[in-house]
Amino acid sequence: MDYISPLYLFVFLPGLLLLYALIPKKYRWFLLLLASYCFYFLISRQLIVFLLAATGAAYAGGLLIGAQEARSSAAQAAQPEQAAAIRSRALRTKRLILFAAIAVPAGLLLFLKYYNFFGSNVNLLLSHSPSGPLPALRLALPLGISFYTLQAVSYLVDVSQGKIQPDRHPGRFALYMSFFPIIMEGPICRYSQIAPALYAGQPLKGKNISFGAQRILWGLFKKLVIADRLNPMVNAIFNHHEQYSGLVVVLGAVCYAFQLYADFSGCIDITIGAGEMFGVSLPENFRQPFFARTASEFWRRWHMTLGAWLKDYIFFPVSLSRLGKKLTKKARRTFGRRAGQIAQTVLPLAAVWLCSGLWHGAGWNYIFYGLYYFVLILLETILQPLCEKAAARLSLDMHGPLIRTLQTVKMLLIIFTGELFFRANGLRAGFAMLGSVFSGFSWSVFTDGTFLQFGLVPGDFAVAGAALLIVLLVDILHERGVHIREQVSGWKLPLRWCFYYAAILAVILFGAYGTGYLPADMIYAGF
């Protein structure tokens, strides 16, 4: 069962809403917790033990950190020297507890997701063969572990920094870690964002149900009509890339970028819609990313909750570390103030993008993908003043339509190239595909029937193209601050329901499912 299965959409979610409305308010949090664990057990079976381990470690760690904070605060009543000693011991103990508590979920993630990858590379270094002193293990990766691990880490760090109080209610904390709409693909939520609303058990409201259903329907449109329809062609090109070159590879990279966006943002729409039905506001994860003008802006619009997590828990700690400060001071003394500003970002940026690449998967192409954006963002930081000076001398309007168009084209090329490596079956395959773009480039592939070899008929291309235009139009309206759902809710009842039925029929009639289509897994659920 996943978020697009009929069992989830027509049995699990409606049944849970009905039970939620019928039971007393004080038991609703328990119903959500029970439903979340049942949902996770149905898709992961015995691997639920890893979720329980991460939850238990983070919950206990938060309580122990809180106890050290209380001990440190109580030391104020003691003599100054004694108080300082107590606070010092409490701080050391708190850091040890934080490290130990983080080590449980992070250690499980590192072992289950990365052991075989790093083991095979160590073997290659030691014995020039993937088989060596570190044996390959058959490891099952629990669904959602990359997401709930980050939630556990953010909770523990926030408690240790005094941003939130440790949760003494095990059920409320377990619900935060396992809430069924976010357990598979996020968004990555902070404890303070959702835990109070999850536990409050607010009554169901008509507007929340209506808006939530609209958001789910929009997500299904993007997932079923666009992403799943493009899936056969993307798989055919990337899995047999040696058979293709030129324009076919270009189209494969472009279609994968659109497939990934439609798949991931569509599933996030379904997630946010489900949360909205229960009165829980989940954080947005996308903000029209293809309208970005720079690489850094793109990542402020794409997978926003991951970017925010990396900024708060990787970038800032590394930049404020002793090593980071030392490098900054040395660069400033040696090369000047501007060099010091750039040096201040190099180490934390490298850490962020290395972690981002590895978070997405255990493979050199993912590491390359992260470092690809590290280099681009670093170059932007270095070249920005030079570009502004050049534009001023040439009297160019940096916000004018010409520059805006050039920036958009540049970013689309950057995005499509990055996604080519992201989807490629390994780093070598990525470079081979990139090289093949410049060979055998012919427009005849549009007329010689090449595109009919990928399991799609002309009608599929027409439907996907029309659906992409609809998504583009909606994104343009959102970019201009138009709230479509609010406007639709203001329409007269007959017109509003005609719109709803038309949207439902569009998903039913044009969705890529049934005979001729292989079921397409949610892409980010695999990360």
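FYI, the numbering just counts along the sequence from 1.
Remark: R485 CZ is packed, more than 12 non-hydrogen atoms of other residues, nucleotides or ligands lying under 6.0 Å away.
Residues satisfying the salt bridge (Lys or Arg N to Asp or Glu O under 4.0 Å) criterion with K26, sequence neighbours excluded, are absent altogether. Legend: residues meeting side-chain contact (heavy atoms from CB on, under 4.5 Å) with L137, ordered by chain and number and at least two apart, are F111, Y115, N116, L139. The side-chain contact (heavy atoms from CB on, under 4.5 Å) search around K311 returns F316, not counting sequence neighbours. The side-chain contact (heavy atoms from CB on, under 4.5 Å) test applied to V352 returns L310, I314, F315, not counting sequence neighbours. Scanning for side-chain contact (heavy atoms from CB on, under 4.5 Å) contacts around Y27 gives I23, P24, with sequence neighbours left out. Qualifying salt bridge (Lys or Arg N to Asp or Glu O under 4.0 Å) partners for D228, counting only residues two or more places apart in sequence or in other chains: K223. Residues satisfying the ring-ring contact (aromatic ring centres under 6.0 Å, His included) test with Y59, not counting sequence neighbours, are none. With sequence neighbours left out, the side chain to side chain donor-acceptor pair (under 3.5 Å) criterion links T294 to S296. In this structure K94 satisfies the salt bridge (Lys or Arg N to Asp or Glu O under 4.0 Å) test together with E69, sequence neighbours excluded.
When side chains are defined from C-beta on, M277 does not count as touching N208, because their heavy atoms never get closer than 4.5 Å. The shortest side-chain heavy-atom distance between V474 and W218 falls under the 4.5 Å cut-off. Here the side chains of L347 and S319 are not in contact, with every heavy-atom distance at 4.5 Å or above. Two residues are said to be in side-chain contact when any heavy atoms from C-beta on lie closer than 4.5 Å; F286 and T305 fail this criterion. Two residues are said to be in side-chain contact when any heavy atoms from C-beta on lie closer than 4.5 Å; W353 and I377 meet this criterion. A heavy-atom distance below 4.5 Å is not found between the side chains of Y3 and L9.
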Determine, step by step, whether F147 and W359 satisfy the ring-ring contact (aromatic ring centres under 6.0 Å, His included) criterion, reporting the C-alpha distance in whole Å, the side-chain angles of both residues, the deciding distance to 0.1 Å, and the verdict.
CA-CA 10 Å; F147 292 93; W359 182 88; 5.2 Å; yes

Check the pair E276 / K207 against salt bridge (charged side-chain N to carboxylate O under 4.0 Å, His left out), numbers first and verdict last.
CA-CA 9 Å; E276 194 169 9; K207 183 178 180 180; over 6 Å; no

Could you walk me through whether R301 and E479 satisfy the salt bridge (charged side-chain N to carboxylate O under 4.0 Å, His left out) test, starting with their C-alpha distance in whole Å, then the side-chain angles of each, then the deciding distance to 0.1 Å, before giving a yes or no?
CA-CA 11 Å; R301 292 169 172 264; E479 188 73 5; 2.8 Å; yes

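For the pair R215 (side chain) and I272 (backbone), a donor-acceptor distance under 3.5 Å is absent. Between the side chain of D263 and the backbone N or O of A227, no donor-acceptor pair lies under 3.5 Å. Remark: side-chain polar atoms of Q259 are not paired, donor with acceptor, to backbone N or O of L230 under 3.5 angstrom. Within the 3.5 Å criterion, the main-chain N or O of L134 finds a donor-acceptor partner in the side chain of N123. Side-chain atoms of Y114 come within 3.5 Å of backbone atoms of L358 as a donor-acceptor pair (strictly under, hydrogens ignored). A donor-acceptor pair is defined here as one N or O able to donate and one able to accept, closer than 3.5 Å; such a pair exists between the side chain of E185 and the backbone of A525. Q68 contributes no side-chain N or O that, together with a main-chain N or O of L91, makes up a donor-acceptor pair within less than 3.5 Å.
Relative to the ring axis of F211, K205 does not place its NZ or CZ within 45° and under 6.0 Å from the centre.
Classification of the F173-Y155 ring pair by plane angle, with boundaries at 30° and 60°, yields tilted.
Donor-acceptor pairing under 3.5 Å is recorded for the side chains of D158 and Y313. T93 and R89 are not linked by any side-chain donor-acceptor pair at a separation below 3.5 angstrom, with hydrogens and angles left out of the test. Using modelled atom types and a 3.5 Å distance limit, the side chains of S146 and K113 yield a donor-acceptor pair. Checked by atom type, the side-chain pair H360/Y524 shows a donor-acceptor distance below 3.5 Å.
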Side chains of residues 362-375: which donor-acceptor pairs under 3.5 Å do they make with residues two or more places apart or in other chains?
| from | atom 1 | to | atom 2 | distance (Å) |
| --- | --- | --- | --- | --- |
| W364 | NE1 | N121 | OD1 | 2.9 |
| N365 | ND2 | F421 | O | 3.2 |
| N365 | ND2 | F422 | O | 3.4 |
| N365 | ND2 | A424 | O | 3.2 |
| Y369 | OH | E419 | OE2 | 3.2 |
| Y372 | OH | I414 | O | 2.8 |

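Residue pairs meeting the side-chain hydrogen bond (donor to acceptor under 3.5 Å, both in side chains) criterion with at least one partner in residues 30-49, sequence neighbours excluded, do not occur; the list is empty. Residue pairs that meet the side-chain hydrogen bond (donor to acceptor under 3.5 Å, both in side chains) test with at least one member in residues 164-179, sequence neighbours left out, are D167-R172, D167-Y191, H169-Y199.
In this structure, L150 CG and I188 CD1 are separated by 4.5 Å, a value rounded to the nearest 0.5 Å.
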